[in-house]
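Step one of this worksheet: look at the structure below.
In the text below, chain A, chain B and the rest are named by the order of the sequence lines, each starting its count at 1.
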Protein chains: 2
Amino acid sequence: MKCLTDTTEERIKEAAKTVFLEKGFDGTTTRDIASAAGINSALMNYYFRSKEKLFQSIFNDVCTLLFKGMLELINQPISLRDKISKLMDHQFQMMMQNPNLTIFIMNELRLNPERLYGTIGMAKQVPESIFHQQIEDAIAQGIITPIDSHHILTMIIANIQFLFVSKPMTMLAQGLDEAGFNAFATRHMEYVKDMICEYLFKPEPVT
Amino acid sequence: MKCLTDTTEERIKEAAKTVFLEKGFDGTTTRDIASAAGINSALMNYYFRSKEKLFQSIFNDVCTLLFKGMLELINQPISLRDKISKLMDHQFQMMMQNPNLTIFIMNELRLNPERLYGTIGMAKQVPESIFHQQIEDAIAQGIITPIDSHHILTMIIANIQFLFVSKPMTMLAQGLDEAGFNAFATRHMEYVKDMICEYLFKPEPVT
DNA sequence: CAGCGATTTAATCAGATGATTAAATTTTTT
DNA sequence: AAAAAATTTAATCATCTGATTAAATCGCTG
């Protein structure tokens with residue numbers, strides 16, 4: 001699964017990422033990580049000084065994973081309609097591959113808000129992007145309903161992300177298996193794309 | 001804050017609810033709960049046989065808190081438009097009072113899916129409600145866009161709940177304080193209500 | 001008040017956990 | 001190859017944690 005560049009440090013980080021994402025910080029023991037990485041538990045403290053330090057490293061990585069692609073898309077010079085569609089597609093793809101990513105991050109932030117300081121950089125870039133200007137221009141030209149870009153982004157993110165945050169609940173409530181959930185999620189995304197675009201791009205706001 | 005009906009068992013449950021909601025199951029120690037309740041830590045095991053048992057009791061309570069009002073609303077004989085609006089208002093009110101409720105529940109379910117079995121009853125009631133029939137009728141009469149009620153409920157829930165799941169992130173990204181967040185959330189809910197209603201109740205589906 | 005059950009406490013146990021240490025092994029440098 | 005540095009291991013520590021036990025206290029009934 002991995003190339004020959006497998007250094008021990010990387011192997012520990014991979015194992016730690018897997019275990020942390022599955023069990024959360026509090027639910028993970030250093031011995032869990034060590035055995036998942038196939039190493040002695042003291043080695044973890046040799047490379048990273050503590051469980052907390054290792055976690056910070058992992059947490060940074062997964063936050064970057066969550067934000068990086070989105071930030072790139074947000075700053076691309078493409079049409080609004082296209083951008084919104086691509087933003088949702090991108091999130092969807094990412095969450096299909098890593099369904100626990102968002103709930104893991106949001107929950108760890110809730111449990112330990114100091115971790116926010118590591119994400120300030122990325123978080124602040126989102127609202128200060130080309131996207132924001134693009135929205136304001138479109139509003140000025142009467143192309144879309146007047147609405148702050150923060151609200152639009154929240155709509156885009158919430159409608160995709162919550163699907164995965166509530167995945168176990170949804171599967172239970174509807175009696176779905178993995179395949180069934182994927183089908184539901186795929187269809188839902190189409191609905192949501194339509195809904196958001198129709199809301200934004202309608203000819204005249206109701207006022 | 002509480003009436004004279006304060007039995008020790010209730011005091012333990014209150015304290016446990018507070019601590020569990022704040023720190024999660026893994027992050028909570030029995031001594032945390034005991035000291036929050038002002039009791040000896042052995043008392044906890046006298047009333048509830050174990051930390052796990054106590055947690056199950058609490059978890060049941062908060063799941064009921066999350067679902068009960070929504071289920072009642074869903075089965076009320078009121079118009080669809082009204083129902084959707086009231087459903088969102090109800091969730092919003094509940095989350096303003098208890099912002100961590102949903103992420104706590106969703107995360108504990110993720111960490112320990114066996115807990116789902118305690119919520120089967122409530123979860124399965126949602127899709128099998130009057131609401132579902134109401135949607136089908138409205139579709140048959142051409143009043144709303146043809147779309148399965150599961151998707152509608154998901155839209156209603158996601159757009160409110162994710163606001164609170166991502167509350168710390170949102171506050172950071174936009175540089176908001178509590179009051180600022182509340183204002184943002186309140187405004188967002190109005191947008192989302194409009195968006196969902198306009199999507200559902202438009203005269204003709206685009207097809 | 002004596003006796004009995006319910007409630008509460010202090011003390012303690014056994015196991016888990018994060019971290020350290022000192023020694024062994026491997027890799028790199030000279 | 002010898003010396004030095006980096007990597008890895010086994011063993012161990014101190015603390016924390018969930019749970020138990022045995023004794024103390026309270027409240028009620030006869």
Self-check item: I39(B) CD1 - dT9(C) P separation (whole Å)
Solution: 8 Å
Quiz item: Parallel, tilted or perpendicular: which fits the ring planes of H188(A) and F184(A), with parallel below 30° and perpendicular above 60°?
Solution: parallel
Exercise. Nearest whole angstrom, please: distance from the P of dG18(C) to the NZ of K53(A).
Key: 15 Å
Self-check item: Whole angstrom value for the distance that separates P of dA19(D) from CZ of F55(B)
Solution: 14 Å
Exercise. Using the closest heavy atom to pick a nucleotide of DNA chain D for each, name whichever of S50(B) or T8(A) lands nearer the 5' end.
Key: T8(A)
Practice problem: May I ask you to verify if any side-chain N or O of Y47(B) is less than 4.0 angstrom from the OP1 or OP2 atom of dA6(C)? | Solution: no
Practice problem: Assign each of E9(A) and D26(B) to its nearest nucleotide of DNA chain D by heavy atoms, then name whichever residue's nucleotide is nearer the 5' end. | Solution: E9(A)
Quiz item: Does T29(A) have a side-chain nitrogen or oxygen under 4.0 Å from the phosphate oxygens OP1 or OP2 of dA16(C)?
Solution: no
Practice problem: Under the side-chain hydrogen bond (donor to acceptor under 3.5 Å, both in side chains) rule, what do E52(A) and Q56(A) come out as? Steps first, then yes or no, please. | Solution: CA-CA 6 Å; E52(A) 174 65 33; Q56(A) 282 171 9; 3.1 Å; yes
Self-check item: Sidechain N-carboxylate O distance under 4.0 Å for D61(B), K13(B)
Solution: yes
Quiz item: Taking OH from Y46(B) and C1' from dT20(D), how many angstroms apart are they, rounded to a whole number?
Solution: 15 Å
Practice problem: Whole angstrom is fine here: how far is it from CG in L43(B) over to P in dT25(D)? | Solution: 16 Å
Quiz item: Is a salt bridge present between E10(A) and K17(A), judged by a nitrogen-to-oxygen distance below 4.0 Å?
Solution: no
Quiz item: For the pair made of CD in E52(A) and P in dT17(C), what is the distance, rounded to whole Å?
Solution: 17 Å
Self-check item: Length of the line joining K51(A):NZ and dG18(C):P, which is rounded to integer Å
Solution: 4 Å
Self-check item: Integer-rounded Å distance: dT8(C) P and F48(B) CZ
Solution: 12 Å
Quiz prompt | dT8(D) OP1/OP2 closer than 4.0 Å to side-chain N/O of N40(A) | solution = no
Exercise. Compare side-chain N and O positions of T30(A) against OP1 and OP2 of dT17(C) and report whether any pair is under 4.0 Å apart.
Key: no
Quiz item: According to the interplanar angle, ranging from 0 to 90°, do the rings of F25(A) and F55(A) count as parallel (below 30°), tilted (30 to 60°) or perpendicular (above 60°)?
Solution: perpendicular
Quiz prompt | Among dT20(D), dT9(C), dA6(D), the nucleotide that comes nearest once only the side chain of N45(B) is considered | solution = dT20(D)
Quiz item: Nearest to the side chain of R31(B), which nucleotide is it out of dT20(D), dT17(D), dA19(C)?
Solution: dT17(D)
